[in-house]
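Okay, so here's the structure we're looking at.
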2 protein chains.
Amino acid sequence: MVEFRVDRASGLPAYLQLGRQVREAVRLGRLRPGDRLPTVRDVVATSGVNANTVLKAYRELELAGLVEARQGSGTYVKATLGTAAPEVLEELRGKFAKWVIEARAAGLEAEDIDALVRAVLSGGPDGA
Amino acid sequence: MVEFRVDRASGLPAYLQLGRQVREAVRLGRLRPGDRLPTVRDVVATSGVNANTVLKAYRELELAGLVEARQGSGTYVKATLGTAAPEVLEELRGKFAKWVIEARAAGLEAEDIDALVRAVLSGGPDGA
DNA sequence: TCTATTGTCTTAGTCGACTAGAACAATCTG
DNA sequence: CAGATTGTTCTAGTCGACTAAGACAATAGA
């Protein structure tokens, strides 16, 4: 089961946060085809957002072909994303986690790490 | 000089994107105390956002004590962020860049990498 | 079949982000 | 001093995200 975390202060619309979390979970293999997403009413109770907001997120995912909504039953994961094997992901996760530990040990704050990672990933200035 | 990139499709308010880019630049040492930020009118011409939006971003940075606005002259970086030495940052950047290359070589798409990085950094499920 | 559960839709309204265009104020430069 | 440059303020308006509360529709399970 997936737990949603909606950060109201982030500035990012709630429905986008929900959508992204589902996509990432599918991408990382934490959600597989056939798995059921939390109920609309569940998410409402858990995250405090409105039902329409959750519905909007789910509808976009359905439109993308990623999930399937069955009235009276629930919303189910339909497809997969990403082609990476679980073991490969695990190994890479471990290496990156080590890098983070090293960065922290070097005195970098969380925001320093964020900035560094973002700079490289965005392919932007001083990036790749 | 810093170049701003405002992504209108990201959902994140433009003024937050601008503010974050300044903070990150300061954090990575690409902006130092005394450096001048792009003119409000410059940003308007470059990124297409409204002057009031740019102003809102700059005002928040000033309120945070990070920059100083001098009317008729410009907006200048006032303080520093982060405590990491440039060489340390460089070394860490290089190691992370290598990790990214390895991930790509393993078949991961950009979004796979994003998801993995975010999962670890957020300290969330399967995180640190 | 009956009932609870779940997705879905409707209407109405609030609020923040953003735009538009103009004007003003302080500073720098020649 | 004169003109250009820059930050700043103002008013008015648009649009999307979100809330609120209720009702409807289809499915699952007893």
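Within every chain, numbering begins at 1; the chains are lettered A, B, ... in the order of the sequence lines, protein sequences first and strands thereafter. Keep in mind the model is a prediction, meaning the values are calculated, not measured.
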Inset, instruction - Establish, from distance only, whether the side-chain atoms of B:T46 and B:E3 form a donor-acceptor pair under 3.5 Å. - result: no
Inset, instruction - Looking only at non-hydrogen atoms, find the nearest pair between A:V120 and B:A97 and report the distance. - result: CG1-CA, 4.3 Å
Legend entry - A:D7 CG to D:dC18 P, straight-line distance once rounded to whole Å: 12 Å
Legend entry - Check: A:L12 main-chain N/O paired with A:S10 side-chain donor or acceptor under 3.5 Å: yes
Inset, instruction - Taking only heavy atoms on the protein side, list every residue of residues 13-24 of chain B lying under 4.0 Å from any atom of DNA chain C, sorted numerically. - result: B:P13, B:A14, B:Y15
Legend entry - Donor-acceptor contact below 3.5 Å, side chain A:S47 vs main chain A:V44: no
Legend entry - Residue-level proximity of residues 50-64 of chain A to DNA chain D when a heavy atom falls under 4.0 Å: A:N50, A:N52, A:T53, A:K56
Legend entry - For the student: nearest non-hydrogen atoms of B:R27 and A:A115, plus distance: CD-CB, 4.3 Å
Inset, instruction - Give the angle between the helix axes at the two ends of the helix from C:dT1-D:dA30 to C:dG30-D:dC1, taking five base pairs at each end and rounding to 10°. - result: 40°
Inset, instruction - Determine which pairs satisfy side-chain hydrogen bond (donor to acceptor under 3.5 Å, both in side chains) with at least one residue from residues 67-76 of chain A, sequence neighbours left out, and list them in order. - result: A:S73-A:Y76
Inset, instruction - May I ask you to verify if any side-chain N or O of A:T39 is less than 4.0 angstrom from the OP1 or OP2 atom of C:dT5? - result: no
Solution key, residues 18-25 of chain A side-chain donor-acceptor pairs under 3.5 Å, sequence neighbours excluded:
unit_1	atom_1	unit_2	atom_2	d
A:Q21	OE1	A:R5	N	3.0
A:Q21	NE2	A:R5	O	2.7
A:E24	OE2	B:R118	NE	2.7

Inset, instruction - Taking all non-hydrogen atoms of both residues into account, name the closest pair between B:V2 and B:P38 and its distance. - result: O-CG, 3.4 Å
Inset, instruction - For residues B:V54 and B:N50, determine if any side-chain heavy atom of one lies less than 4.5 Å from a side-chain heavy atom of the other. - result: no
Inset, instruction - Might you work through the ring pair (Phe, Tyr, Trp, His ring centres under 6.0 Å) test for A:Y58 and A:Y15, ending with a clear yes or no? - result: CA-CA 8 Å; A:Y58 279 13; A:Y15 79 99; over 10 Å; no
Inset, instruction - Could you pull out the closest heavy-atom pair between B:D112 and A:G82, with the gap in Å? - result: OD1-CA, 3.6 Å
Inset, instruction - Please state how far atom CZ in B:R8 lies from atom P in D:dA17, giving the value in whole angstrom units. - result: 14 Å
Legend entry - Per-nucleotide protein contact string for nucleotides 24-30 of chain D, where B marks a base within reach and S marks sugar-phosphate only (heavy atoms under 4.0 Å, - for neither): -BBB---
Inset, instruction - Whole angstrom is fine here: how far is it from CG in B:L12 over to C1' in D:dG16? - result: 15 Å
Inset, instruction - Taking A:W99 for its side chain and B:K95 for its backbone only, find out whether a donor-acceptor pair lies under 3.5 Å. - result: no
Inset, instruction - Taking all non-hydrogen atoms of both residues into account, name the closest pair between B:G65 and B:A79 and its distance. - result: O-CB, 3.8 Å
Inset, instruction - Write down the distance between CG (B:D42) and P (D:dT5), rounded to a whole number of angstrom. - result: 11 Å
Legend entry - Any B:T75 side-chain N or O less than 4.0 Å from OP1/OP2 of D:dG7: yes
